[in-house]
Number of protein chains: 2
Amino acid sequence: MMRISEAAQHSGLSSKMIRHYEDVGLIQAAARTEAGYRQYSSAQLEQLGFIRHARSLGFSIAQIRDLLQLRDNPHRASREVKQLALQHLQELDQRMLALKKMQAMLNDLVARCAGDDSPDCVIIDELSEPGVTGNE
Amino acid sequence: MMRISEAAQHSGLSSKMIRHYEDVGLIQAAARTEAGYRQYSSAQLEQLGFIRHARSLGFSIAQIRDLLQLRDNPHRASREVKQLALQHLQELDQRMLALKKMQAMLNDLVARCAGDDSPDCVIIDELSEPGVTGNE
DNA sequence: TTGAACCTTCCCATAGTGGTAAGGTCAAGC
DNA sequence: GCTTGACCTTACCACTATGGGAAGGTTCAA
């Protein structure tokens, strides 16, 4: 059993976030010492590591909630896990697409802007135009 | 002079956000009718359109603050505008890089997961491993 | 005069993370 | 035994950008 700061160090999360995850019910409330200090077992450490991994892949807390349930369900079908992952991949794709559009438009503007001492600036001009920008 | 909902329609922003932008000082407080209704001129409409364009390119409110100042400064150097745009492009790049990493890792996991009725699942297994995920 | 469609301000919610403040606890050193 | 520093606790507030809703005022037309 270890305290929260150790659990944080070993899991790669912050103490703050571990408490937060408990608050929002992503993890069960940790056991407490008589003084009220949270205590973490190695099983809980693994869970925290799982969460950090999932977060680093961009899964939301809600998605991780589902992932944890699957993780803890010995009768799961890997199909369900894969389904969640594929769904998340789609979200990542959409985000990428949005970023790419921005990048393309901005790159174009930047290329056409002299970038000198003159006040004439395509970027300002185009942002000022009533036309669309491709994101609505 | 038009009311906020018309200004919203013409600019592509929501009434809500126009008020918000006023709150945070991105735009000057609009004139009011005797009854307290906000009134927008065509010059202000252009400014709102500018903001929407900039937002659709992913510029933050803080960045748009700077862009608006440059827009309104006849003595600006386009270099400064370009500088802001390039900086934002870098941020977009970083975000895209992060997404790409996630995509790559997740794609790999998904490819190695059977996705059938069996509980065996590479995704769960790898998320459970103590190893790194490449994002820390 | 009444009702619909506006408008106002104010508060709350989202997602995830960090900061900080006020207070309790534990262990080491004097 | 007492102090000190490093930890812990809870409870707020902040960020970004946006939306929802409530409670109440206004405008205009039927």
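Naming: A, B, ... by sequence-line order, numbering from 1 per chain.
In terms of modelled atom types and a separation under 3.5 Å, the side chain of A:Ser11 and the main chain of A:Gly49 share no donor-acceptor contact. Judged by distance alone, the side chain of B:Arg38 and the main-chain N or O of B:Ile4 form no donor-acceptor pair under 3.5 Å. A donor-acceptor pair is defined here as one N or O able to donate and one able to accept, closer than 3.5 Å; such a pair exists between the side chain of B:Glu6 and the backbone of B:Arg3. In this structure a side-chain-to-backbone donor-acceptor pair under 3.5 Å is present from B:Ser41 to B:Gln44.
Both B:Ile61 and B:Lys16 lie near DNA chain D, and the one whose nearest nucleotide falls closer to the 5' end is B:Ile61.
Under the 4.0 Å criterion applied to side-chain N and carboxylate O atoms, A:Asp23 and A:Arg19 are not assigned as salt-bridge partners.
At a cut-off of 3.5 angstrom, the base of C:dG24 holds at least one donor-acceptor pair with the side chain of A:Tyr37.
C:dA15 atom P lies 13 Å from atom CZ of A:Arg95, rounded to whole Å. Between the CZ atom of A:Arg3 and the P atom of C:dT25 there is a distance of 13 Å, rounded to whole Å. Atom CZ of B:Arg19 is separated from atom P of C:dC6 by 12 Å (rounded to the nearest Å). Atom pair A:His20:NE2 and C:dT14:P shows a separation of 10 Å (rounding to whole Å applied). In this entry the distance linking CD of B:Glu34 with P of C:dT8 reads 15 Å, nearest Å.
Using a 4.0 Å cutoff to heavy atoms of chain A, the contacted part of DNA chain D runs 5' to 3' from D:dC7 to D:dA11.
In the helix from C:dT1-D:dA30 to C:dC30-D:dG1, the end axes, each obtained as the rotation axis mapping the C1' atoms of four pairs onto the next four within a five-pair block, lie 40° apart to the nearest 10 degrees.
Distance check: A:Glu80 CD to B:Asp117 CG gives 9.5 Å after rounding to the nearest 0.5 Å.
B:Met17 and B:Tyr37 are assigned to two separate hydrophobic clusters, defined by single-linkage of ILVMFWY side chains at heavy-atom distances under 4.5 Å. Residues B:Met1 and B:Tyr40 fall into different hydrophobic clusters, defined by Ile, Leu, Val, Met, Phe, Trp and Tyr side chains chained together at heavy-atom separations under 4.5 Å.
Between B:Leu127 and the options A:Ile64, A:Leu57, A:Val81, a side-chain contact (heavy atoms from CB on, under 4.5 Å) holds for only A:Leu57.
A sub-4.0 Å separation between OP1 or OP2 of C:dC6 and a side-chain N or O of B:Arg38 is absent.
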